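Residue numbers begin at 1 in each chain, while the letters A, B, ... track the order of the sequences. Since the model is a prediction, treat every value here as computed from it, not as a measurement.
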Amino acid sequence: MADGPLIVQSDKTLLLEVDHEQADACRKAIAPFAELERAPEHVHTYRVTPLALWNARAAGHDAEQVIDALITHSRYPVPHALLVDIAETMARYGRLRLEKHPVHGLVLTSTDRAVLEEVLRSKKIQPLLGERLDGADGGSVAVHPSERGNIKQLLLKLGWPAEDLAGYVDGEHHPITLAEDGWELRSYQREAAEAFWHGGSGVVVLPCGAGKTIVGAAAMAHAKATTLILVTNTVSAHQWKQELIKRTSLTEDEIGEYTGTKKEIRPVTIATYQVMTTRRQGAYRHLELFDARDWGLVIYDEVHLLPAPIFRMTADLQARRRVGLTATLVREDGREGDVFSLIGPKRYDAPWKDMENQGWIAPADCVEVRVTLTDDERLAYAMADAEERYRFCATTPSKTRVTEALVNRHPDEQVLVIGQYIDQLDELGEHLGAPVIKGDTKVKERERLFQAFRDREIRVLVVSKVANFSIDLPEASVAVQVSGTFGSRQEEAQRLGRVLRPKSGGGGARFYSVVSRDTVDQEFAAHRQRFLAEQGYAYQIIDADDVLAGD
DNA sequence: GACGCGGGAA
DNA sequence: TCAAATCCCGCGTC
């Protein structure tokens, strides 16, 4: 295409011209194998990474499709070296395979003798290996079954990710079917569960509110086996239980909660990550849960939050079927590789914009409102310690008036004001005459306020980070974000997710992010927005003065 | 045993 | 980076 929207560079970055008429199609075409790096106004930068290429490979895309996508949308001739590199990187996945062996249990095998020799020379790999079993057309080597996870991690780091074809144990049979009354699986939920089931293990990526729990239930109905579900908090554990009772044939007494207060082990057991990672005298206290039953399926909820010890435990669970559920595969700690090798490749991914087009989530406008600091504030900002800087510019008093104006812009809608600093939120609450929900708000009080908000007795609610975790926040159609943590892309996604539930009137949602101009606040906000930009959400930028002037 | 509270961890 | 929120656990009361 002579005037395509994409510039493909030999350093593996892709520049996408956002306003080009082909930009959406292009974004969609490159999304499976490129990660968004920067997303300012006009040109977005993507990077073609090995992990993204291998995920694409595992999802059944071949190098030819990837290369075709680049050539189709590129404005200039695509550097040949890059095309060669992409083809070679993709070909690395699956060159080595882990397979079952009738005598040795597990073997690492390859038809490419040279690759096998190369990885066998690694000092870290050698201790995991047993006997050499060379055949006529290649080689293989025994691997101790308990090292199945470790060797995959190491091979990925060496750049030769193994395809794991060694299969799974069925686990203890347990009858589970989906309930049939009054609802049915949405098409994408069915596809996601099937994609996981055929892959055997891996990750399903769906937006907030798209019904990840239901995908988990569908996966359980495939496995028909005892299931261990790992979740981030007890509220989530409870919601899983309620949802499973509603959506499957499981009854209350078949589902156990394994948390701080209850230690039930049942055919389906829901445990928090935290209870699994608590230690006494250096030893994990509740490891026995993994061996308590012959689990046929392990579900990892919010896999992007999986703590490091759970990875180590998961390395020993490689013969169990595993499914990870998440809205965002990105991790701020860079452990995407561990998700890939220990949970599995991405098996299903639904772009948010596609879901929006099909009416599963509400359309949303994202607006960044830029506040200019006063001269005094600018000076104070410049003098502030590095640690104090973000707090200072994120909580500037000017934001209060702007927030109030934004809230008043939508007099007939339910509005959430979301922020990070309690002082700021208290002040906003007072100013807006709205209740504040924060960490030390009692659960009873939270529920009372949520209910009043649902009943429209309260129109505006100010919430702290509790909004990032607690799932049972009622729906709103407008959210105003006044501060957030540095660069947490998943935080932004969670917060936008709060307003994405389809509206009864069919209307759209509005997400405002109030940001101090020319400060680290603006930088942080830009970083948080990256994930949503990748999903096709563009931020319109407006000036706070225009808001105050009533537009 | 069902709570509520406060300390510690990460 | 810090601040904030979470959860677990042990302790008390009833």
Under 3.5 Å, N/O pairs linking protein and nucleotides 4-7 of chain B:
none

Spacing of [X] atom [atom1] relative to [N] atom [atom2], expressed in whole Å:
X	N	atom1	atom2	answer
A/R279	C/dC8	CZ	P	16 Å
A/I422	C/dC2	CD1	P	18 Å
A/D301	C/dT6	CG	C1'	15 Å
A/I270	C/dC7	CD1	P	14 Å
A/L230	C/dC7	CG	P	15 Å
A/Y284	B/dA9	OH	C1'	12 Å
A/K465	C/dC2	NZ	P	14 Å
A/D440	C/dA3	CG	C1'	13 Å

Would you call the rings of A/F511 and A/Y539 parallel, tilted or perpendicular if under 30° counts as parallel and over 60° as perpendicular? perpendicular
Reckon [X] touches a base, only the sugar-phosphate, or nothing at all at heavy-atom distances under 4.0 Å?
X	answer
A/Q420	sugar-phosphate
A/K262	nothing
A/T234	sugar-phosphate
A/T259	sugar-phosphate
A/R389	nothing

Of all the choices, [options], which nucleotide is nearest to the side chain of [X] once you look at every atom?
X	options	answer
A/R285	C/dC9, C/dA3, C/dC8	C/dC9
A/H286	C/dC9, C/dA4, B/dA9	C/dC9
A/R391	C/dC9, C/dA3, C/dC7	C/dA3
A/N233	C/dT6, C/dC8, C/dA4	C/dT6

With ring pair (Phe, Tyr, Trp, His ring centres under 6.0 Å) as the test, would you mind laying out the steps for A/Y188 and A/W360 before giving the verdict? CA-CA 10 Å; A/Y188 65 87; A/W360 302 120; 5.7 Å; yes
Would you mind checking if A/D294 and A/R320 are paired as a salt bridge, meaning a charged N to carboxylate O distance below 4.0 Å?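 Judged by the 4.0 Å cut-off on N to carboxylate O distance, A/R320 and A/D294 do form a salt bridge.
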Should the pair A/D521-A/K399 be classified as a salt bridge under the 4.0 Å nitrogen-to-oxygen rule?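 Result for this pair is yes, salt bridge flagged.
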Does the side chain of A/L329 reach to within under 4.5 Å of the side chain of A/E336, using non-hydrogen atoms? no
Would you check if A/T272 and A/L230 make a side-chain contact, meaning some heavy-atom pair closer than 4.5 Å?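 The answer is no, as the side chains (C-beta and beyond) never meet within the 4.5 Å cut-off.
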Under 3.5 Å, is there a donor on one side chain and an acceptor on the other for A/T213 and A/E243? no
Does [X] place a side-chain N or O at less than 4.0 Å from the phosphate oxygens OP1/OP2 of [N]?
X	N	value
A/R446	C/dT6	yes
A/T278	C/dC9	yes
A/K263	C/dC9	yes
A/T261	C/dC8	no

Contacts of A/E413 that satisfy side chain to side chain donor-acceptor pair (under 3.5 Å) - sequence neighbours left out: A/H410, A/S477
